[in-house]
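The next block holds one structure in the form of structure tokens; read it before the comments.
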Amino acid sequence: MQKFILTVLLFSVSITAALGQLMQAKDLYTKADSLRGELTPLRTCYDINYYHLDIQVDIENRSLTGSNLFRFTAVESFDSLQFDLFDNLSVDRIDYKGQALPFSREFNAVFVEFPETIEKGEVDSFRVFYSGQPIQATRAPWDGGFDWKTDSQGNPWVATACQGLGASVWWPNKDHQSDEVDSMLISVSVPSQVMNISNGQLVKTEPVGEGYTKYHWKVRSPINNYNVALNIGDYAHVREVYKGIAGPLLLDYYVLRENQNQIDHLKENTHRMLEAFEHWFGPYPFYEDGYKLIETAHLGMEHQSGIAYGNKYMNGYLGRDGSQSGWGLKWDFIIIHESGHEWFGNNITAKDLADMWIHESFTNYSEALFIDYFYGKSASAAYVNGNRRGIQNNAPLQGPYHVNKEGSGDMYNKGGVLHHMIRTIIDDDEKWRHILRGLNKTFYHQTVDYNDIIGYINSQIDIDLSKTFQQYVQHQSIPTLEVIQEQPGEFLIRWIAEVDGFDMPIHIMDGEGKSTRIQPTTNFQTFQFPGLEKSSFKADTYNYYIGVSIQ
């Protein structure tokens, strides 16, 4: 039995770890971490408006050469700034108005000096030319970089995945989640026997000589930098139009030619995903850029408008259900989970990696809401409850700020459990749906932090859940409900928690078997439940993730 439980726990954790380059254990932080994660004046002085990334991929030598145009608005007057590029890649030249700019490098940060002050409010630009061999991902998407593979026919099959590690692992940019570029052109030259699929819509292809073809992809919506992606392969392409709640939406499927007969699996799951998530969260956030599924050799990533897909056309997570409820086997995990990030992660983006729990907790819960939409609320609750087996309670969901470090991997399953509890506390499913849709409307194409999310939820309900979020997000343990019977029908009840004054509501079954919501604090209070004995006292531990001590 112990071996079986260990296997289940390891499998649940493996699902969590598979969804990005997160959860890398680290307690000490260096100057390099601060340069990557902190918003210094050299980064906040300019706001990125537009990138044009224009590169050629040399697959044989596993190298890149090209440039990126930075168009920006000066937020403050400045004469120097920082952008980011991993130090194994060469900055060959920085052009500004026809002249080369001086620059220096420290770790993965590049510091540029301008010949004169750029005044606040000015719109200006510079272009970075670079080259080199980007870091090779050894186990994408668990680590970051380029995933150089070949398909079964020996054709190149290449992809990028860089969440957490950072987009500057392969292209120069302001590598901080707080500043999303407003729009972008991605131009990629690849050998002509394959094609490149990136984010947004394809606007042009052109031969560029020496056996290469350039693909130009236009992204019309704001995009966070780790979502910018290349996908190179011998793809078959199928397009259809989906009638969404905001109008016609282009759906594109890019699969290896050998898998063309699997398109129906992708279509079915995509249509169901859009139906459920547009119900719960509101319109798909990127109608202008369309929606794509792109087959990759790695398992998957939530690349905006171009989801990387590698779940081998199976339901579940490679054919398995981490919740062991059975409900996880009725849909393709990667399509549903990674697409959920289009709303939570891509539409609503955390400003700092410390708040990646916002992306992962809501997206984990989106899986349960998908089940709810098609199979009912009890099925959804069973799935959430089953996911508890993967929770470790080893660290807070929220990481430290300003050092590019996320919190515990519990941000997935424990985060989903948290939102299920919030829904239970609110006890009004239409209001809960209104909140989820309101988050996506209020913070449409915006970056947010912890206070934005909690503040919005509190503003929509008649109870302050600040301390509930604080306990479950900023601390690692779960609270315990302590219950002492004074006499039949009368109980002293309090919370034991790390948060001072913790006051989360909880549902108790009263003497008649009815559910009653009470709101204990960390001080003992007397609660009356006529006819109820200690032996029959029952807190709702199915929908609330808590400990209970009854004396």
Problem set entry | Asn227 and Asn346 side chains, donor-acceptor separation under 3.5 Å | yes

Exercise. Taking atom types as modelled, is there a side-chain donor on Asn364 or Ser361 under 3.5 Å from an acceptor on the other?
Worked result: no

For this session: Could you pull out all residues at least two apart from Asp452 that satisfy salt bridge (Lys or Arg N to Asp or Glu O under 4.0 Å)?
Result: none

For this session: Go through the structure and list residues passing salt bridge (Lys or Arg N to Asp or Glu O under 4.0 Å) with Asp151, not counting sequence neighbours.
Result: none

Problem set entry | Qualifying residues under ring-ring contact (aromatic ring centres under 6.0 Å, His included), relative to Tyr254, sequence neighbours excluded | His237

For this session: For Glu275, enumerate each residue passing the side-chain hydrogen bond (donor to acceptor under 3.5 Å, both in side chains) test, keeping only those at least two apart in sequence or located in another chain.
Result: Tyr373

For this session: For the pair Trp343 (side chain) and Pro283 (backbone), establish whether a donor and an acceptor sit closer than 3.5 Å, ignoring hydrogens and angles.
Result: yes

For this session: Rounded to the nearest 0.5 Å, what's the gap from OG1 on Thr349 to CE on Met356? Could you check?
Result: 9.0 Å

Exercise. Between Lys292 and Ser198, what is the shortest heavy-atom contact and its length?
Worked result: CE-O, 3.0 Å

Exercise. What closest approach, in Å, do Phe333 and Asn311 show between heavy atoms, and which atom pair accounts for it?
Worked result: N-ND2, 4.0 Å

For this session: Can you sort out the partners of Thr442 under side-chain hydrogen bond (donor to acceptor under 3.5 Å, both in side chains), two or more places apart, ordered by chain and number?
Result: none

Seminar exercise, completed: Checking Tyr50, Tyr46, Tyr51 against Phe72 for ring-ring contact (aromatic ring centres under 6.0 Å, His included), the one that qualifies is Tyr46

For this session: Verify the distance criterion only: is there a donor paired with an acceptor across the side chains of Ser408 and Gln476 at less than 3.5 Å?
Result: no

Seminar exercise, completed: Phe374 meets the ring-ring contact (aromatic ring centres under 6.0 Å, His included) criterion, sequence neighbours left out, with Phe370

Exercise. Judged by atom type as modelled, is there a donor-acceptor pair below 3.5 Å linking the side chain of Asn68 to the main-chain atoms of Leu53?
Worked result: yes

Exercise. Which distance, rounded to the nearest 0.5 Å, do you find between the CD of Gln304 and the CZ of Phe286?
Worked result: 3.5 Å

Exercise. Given Ser131, which of Asp58, Thr65, Asp92 fulfils the side chain to side chain donor-acceptor pair (under 3.5 Å) condition?
Worked result: Asp92

Exercise. Of Ile307, Asp332, Thr363, which meets side-chain contact (heavy atoms from CB on, under 4.5 Å) against His337?
Worked result: Thr363

Exercise. Just by modelled atom types, is the Leu397 backbone N or O under 3.5 Å from a matching donor or acceptor in the Asp410 side chain?
Worked result: no

Problem set entry | Under 3.5 Å donor-acceptor, Tyr235 side chain and Glu295 backbone | yes

Exercise. Between the side chain of Arg36 and the main-chain N/O of Asp33, is any donor-acceptor distance below 3.5 Å?
Worked result: no

For this session: Report the residues that fulfil side-chain hydrogen bond (donor to acceptor under 3.5 Å, both in side chains) with Asp355, sequence neighbours left out, ordered by chain and then residue number.
Result: Trp357, Gln398, Tyr401

For this session: Please report the C-alpha distance between Glu342 and Tyr284 in whole Å, then the side-chain angles of each, then the deciding distance to 0.1 Å, and finally whether the side chain to side chain donor-acceptor pair (under 3.5 Å) criterion is met.
Result: CA-CA 7 Å; Glu342 294 280 44; Tyr284 173 71; 2.9 Å; yes

Exercise. Any donor and acceptor pair, going by atom type alone, linking the side chain of Asn61 with main-chain N or O of Ser63 inside 3.5 Å?
Worked result: no

Exercise. Between the side chain of Trp217 and the main-chain N/O of Val188, is any donor-acceptor distance below 3.5 Å?
Worked result: no

Exercise. Can you tell me how far the CG atom of Asp182 sits from the CD1 atom of Ile223, to the nearest 0.5 Å?
Worked result: 12.0 Å

Seminar exercise, completed: For Arg43 and Gln82, the nearest pair of non-hydrogen atoms, with its separation, is NE-NE2, 3.5 Å

Seminar exercise, completed: Sequence neighbours excluded, the answer for side-chain hydrogen bond (donor to acceptor under 3.5 Å, both in side chains) partners of Tyr242 is none

Exercise. Donor-acceptor pair, Asn224 side chain versus Gly345 backbone, under 3.5 Å?
Worked result: yes

Problem set entry | Glu240 side chain to His271 side chain, donor-acceptor N/O pair below 3.5 angstrom | yes

Problem set entry | Nearest non-hydrogen partners of Cys45 and Leu81, listed with the distance | SG-CB, 4.1 Å

Seminar exercise, completed: OH of Tyr291 to CG of Asp252, rounded to nearest 0.5 Å, is 11.0 Å

For this session: Any chance you could lay out the side chain to side chain donor-acceptor pair (under 3.5 Å) test for Glu360 and His341, step after step, and finish with the verdict?
Result: CA-CA 8 Å; Glu360 301 302 348; His341 277 302; 3.0 Å; yes

Exercise. Are the side chain of Tyr226 and the backbone N or O of Leu165 linked by a donor-acceptor pair below 3.5 Å?
Worked result: no

For this session: Would you tell me whether His475 and Ser477 have side-chain atoms, one donor and one acceptor, within less than 3.5 Å of each other?
Result: no

Seminar exercise, completed: Which of His52, Lys218, Lys214 passes side chain to side chain donor-acceptor pair (under 3.5 Å) with Ser187? It is His52

Problem set entry | Donor-acceptor pair, side chain of Asp175 and main chain of Ala167, under 3.5 angstrom | yes

Seminar exercise, completed: Scanning both residues in full, the closest heavy-atom pair of Pro191 with Ile59 reads CD-CD1, 3.8 Å

Exercise. Who are the salt bridge (Lys or Arg N to Asp or Glu O under 4.0 Å) partners of Lys351, not counting sequence neighbours?
Worked result: none

Exercise. Which of these, Asn393, Asn385, Asn413, sits in a side chain to side chain donor-acceptor pair (under 3.5 Å) with Tyr545?
Worked result: Asn393

Exercise. Between Arg433 and Asp372, is the closest basic N to carboxylate O distance under 4.0 Å?
Worked result: no

Problem set entry | Closest heavy-atom pair and its distance - Asn440, Asn347 | OD1-ND2, 3.0 Å

Exercise. Of all residues at least two apart in sequence or in a different chain, which pass the salt bridge (Lys or Arg N to Asp or Glu O under 4.0 Å) check with Arg105?
Worked result: none

For this session: Run the numbers on Ser221 and Asp289 for side chain to side chain donor-acceptor pair (under 3.5 Å), then give the verdict.
Result: CA-CA 7 Å; Ser221 304; Asp289 292 324; 3.0 Å; yes

Exercise. Among all residues two or more places apart in sequence or in another chain, which pass the ring-ring contact (aromatic ring centres under 6.0 Å, His included) test with Phe83?
Worked result: Phe70

For this session: For Lys441, enumerate each residue passing the side chain to side chain contact (heavy atoms under 4.5 Å, CB included) test, keeping only those at least two apart in sequence or located in another chain.
Result: none

For this session: Could you check whether the rings of His298 and His303 sit parallel, tilted or perpendicular, using 30° and 60° as the cut-offs?
Result: perpendicular

For this session: Kindly compute the distance separating CG (Leu230) from CD1 (Ile186), expressed to the nearest 0.5 Å.
Result: 7.5 Å

For this session: Carefully, step by step, assess Phe344 and Phe281 under the rule ring-ring contact (aromatic ring centres under 6.0 Å, His included).
Result: CA-CA 9 Å; Phe344 291 98; Phe281 305 143; 5.2 Å; yes

For this session: Find the distance between OG1 (Thr40) and CG (Leu35) and round it off to the nearest 0.5 Å.
Result: 7.5 Å

